[in-house]
Amino acid sequence: MKFLHLASTVLLVVSVSSSAARADELSAPASSPKAPDAPKVIIPYTSYTSPRSVEMFWSRCRESLMKAQALEKAGKTQEALDEYDRAVNLQGLTDVEIERTLAQARAGNYLPAARQLQEVLSSQYASGLTVHSREDLTKYLKAIKQYIGTIEIRVNVPGVRITIDGEDVKDWPYFSEFYVEPGMHHIKAMRSGYWLNQTDVEVGRGEKKDLSIAMQERVHSHYVAFPVTPMNVSINANISRVSQDDPPTWPRNLMIGSGVGLGLGLGGLATGVLMAQKSPEQAGTWYGVAVGGGILSALSVSGLVIGLANRPEPPPPNVIITPQFAKDGGGVQFTGAMP
C-alpha cells in the first residue's frame, strides 16, 4: 500500500511538470525564421606544380606561394596572407595578385577580393595565357557578391568621377558596378562644369541597387536693369565663335596605347638586363629583349608626346545677350555656361 501511494505521487508530479512545460511552450512567442546564409564561397587551391604554374611563376615566387598555401591550409590565415604579399613583391604579375585575392576570399575578406577581381576582369586579361581563366574568375566574383552589396550606377553624362564614402574612387562609365559592405553609403558624383551630386544609398548583403544620377550643368544668369526707359538702345557684343572645321579631339587610343607600350618596354628592358646578368650563357638573347624593350619605350614616349601636342582647345564661353523692354524700363540679360 505504501508503494502504491508513492507511485501515485510520482505520476502526479510528472503529469503536472509535463502540463506546465506544454503551457510554457504554447505561451512562448514564435521566433522569426532566420534568414538563410549565402552558400560558402568555394575557391579551389591552385596547383603550383602544374606545367603552367612552373612556366608563369619564378622559382622564388613559386616557393613563396607554396609556403603561403600550406599556411592557409593549416588555418594560419594572417600568416598566409602576409606570405602572399611577399610573393607579390617578388613577382608583381597579375597572376600572383590573383592568388592573393583568392586567398582573401577564402579568408572571408570579400569586399577587397571583389574589387580586385573587378579590376582584373575589366582589364585586357588574357585568359588563355594565364593560370586562371576568365570564366573561373567571373564565377568566383559572382559567388563573392552574395556576401556584399552592389550598386549599379547610371549617369546622364560621361566622364564623371564617382566616390563611395570618400574612399572607393572610379570613373563612370568605365566602371558601373560598385561593391560595398552592407549598410548605408554616401555617394558623390563630380565633373568639371557641373554641380556636385550627393546621394545616400542603403544596400543589404547580396542585394543589388540601381542608382540613376542626373548631373546639372552650372549655368549663371545676371540681369542688368536700366534706371529709366531707354530711348535709343545700342548693344555691342564681341563673342568668339567656334570654327566651322571639326575641333581637334583628344587622341585617347594613342595615349592609352603609348602608355601600355611604355610600361611593356620598360618591363622588357629591365627584365632583359636582369636576366642577362643572371644567365650569362643566354646573355645575347636577353640583351636582345632589353634592346627591344628600349625601342618600344622610345616609340611609346614619342606617342605620348604626339598625344600631348594634339590636346583640344577648350570650348569658347557660351554667352547669350537678350534685350528686354517694358513700358517704363528695359534691360539686358546675360546668360552664360561656365566652362
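Just so it is clear, the model here is predicted, and its values are computed rather than measured.
A 4.5 Å side-chain heavy-atom check between R154 and S176 finds every atom pair outside the cut-off. Side chains of E207 and T150 form no contact here, defined as non-hydrogen atoms less than 4.5 Å apart. The side-chain heavy atoms of V120 and I98, taken from C-beta on, include a pair separated by under 4.5 Å. For the pair L196 and K188, the minimum side-chain heavy-atom distance is below 4.5 Å. In this structure, R134 and T138 have side chains that are in contact, with non-hydrogen atoms separated by less than 4.5 Å. Taking the side chain as every heavy atom from C-beta outward, Q118 and Y179 approach each other to under 4.5 Å. Counting heavy atoms from C-beta on, the side chains of V131 and T46 come closer than 4.5 Å. The shortest distance between side-chain heavy atoms of V157 and R191 falls below 4.5 Å.
A donor and an acceptor atom, one from each side chain of S53 and S50, are located under 3.5 Å apart. Using modelled atom types and a 3.5 Å distance limit, the side chains of T199 and H186 yield no donor-acceptor pair.
Scanning both residues, V54 and T49, for their nearest heavy atoms gives CG2-O, 4.0 Å. A pairwise comparison of heavy atoms in V203 and G149 identifies CG2-CA, 3.9 Å as the closest pair. Heavy atoms only, all atoms of each residue included: A87 and C61 are closest at O-SG, 3.7 Å.
No donor-acceptor distance shorter than 3.5 angstrom exists from the side chain of Q116 to the backbone of T101, with no hydrogens or angles considered. Q91 places a side-chain N or O within 3.5 Å of a backbone atom of M56 that can act as its donor or acceptor partner. When atom types are taken as modelled, the side chain of N197 and the backbone of A189 share no donor-acceptor pair closer than 3.5 angstrom. Within the 3.5 Å criterion, the main-chain N or O of D82 finds no donor-acceptor partner in the side chain of R100.
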Subject >> Chi angles and distances behind the side-chain contact (heavy atoms from CB on, under 4.5 Å) call for L137, L141 >> reply: CA-CA 6 Å; L137 297 182; L141 178 59; over 6 Å; no

Original post:
Under the side chain to side chain donor-acceptor pair (under 3.5 Å) criterion, do Q104 and Y84 qualify, and how do the steps go?
Top reply: CA-CA 10 Å; Q104 287 180 334; Y84 279 113; over 6 Å; no

Original post:
V180 and I148: side-chain contact (heavy atoms from CB on, under 4.5 Å), yes or no, with the steps?
Top reply: CA-CA 6 Å; V180 295; I148 58 178; over 6 Å; no

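Separation of atoms CD (Q216) and CG (N156) is listed at 9.0 Å; rounding is to 0.5 Å. Once rounded to the nearest 0.5 Å, the distance linking CD1 of I43 with CZ of R106 reads 6.5 Å. A distance of 6.0 Å separates CD1 in I187 from CD1 in I213, rounded to the nearest 0.5 Å. Taking CD1 from I151 and CG from D210, the interatomic distance works out to 10.5 Å, rounded to the nearest 0.5 Å. Annotation: the span from D200 atom CG to H185 atom NE2 amounts to 10.5 Å, rounded to 0.5 Å. In this structure, OH on Y140 lies 10.0 Å from CG on L117, to the nearest 0.5 angstrom.
Judged by the 6.0 Å and 45° rule, K73 forms a cation-pi pair with Y45.
Criterion: ILVMFWY side-chain heavy atoms under 4.5 Å apart, direct or through other members. Under it, L299 and L266 are not part of a common hydrophobic cluster. Note on M190 and V160: separate hydrophobic clusters, where clusters join Ile, Leu, Val, Met, Phe, Trp and Tyr whose side-chain heavy atoms are under 4.5 Å apart, directly or indirectly. Residues L90 and L71 do not share a hydrophobic cluster, defined by chaining ILVMFWY side chains whose heavy atoms lie under 4.5 Å apart. When the side chains of ILVMFWY residues are joined at heavy-atom separations under 4.5 Å, either directly or via intervening members, L121 and Y110 end up in a single hydrophobic cluster.
Atom CD of Q198 sits in a crowded spot, with more than 12 heavy atoms from other residues, nucleotides or ligands closer than 6.0 Å. With a 6.0 Å radius and a threshold of 12 heavy atoms from other residues, nucleotides or ligands, K209 has its NZ atom above the threshold.
With respect to the salt-bridge test (charged N to carboxylate O, under 4.0 angstrom), the residues K145 and E177 qualify. Ionic pairing of R52 and E55 is present here: one or more N-O contacts between side-chain nitrogen and carboxylate oxygen are shorter than 4.0 angstrom.
With S64 as the partner, the side chain to side chain donor-acceptor pair (under 3.5 Å) test is satisfied by one option alone out of E99, Q69, E83: E83.
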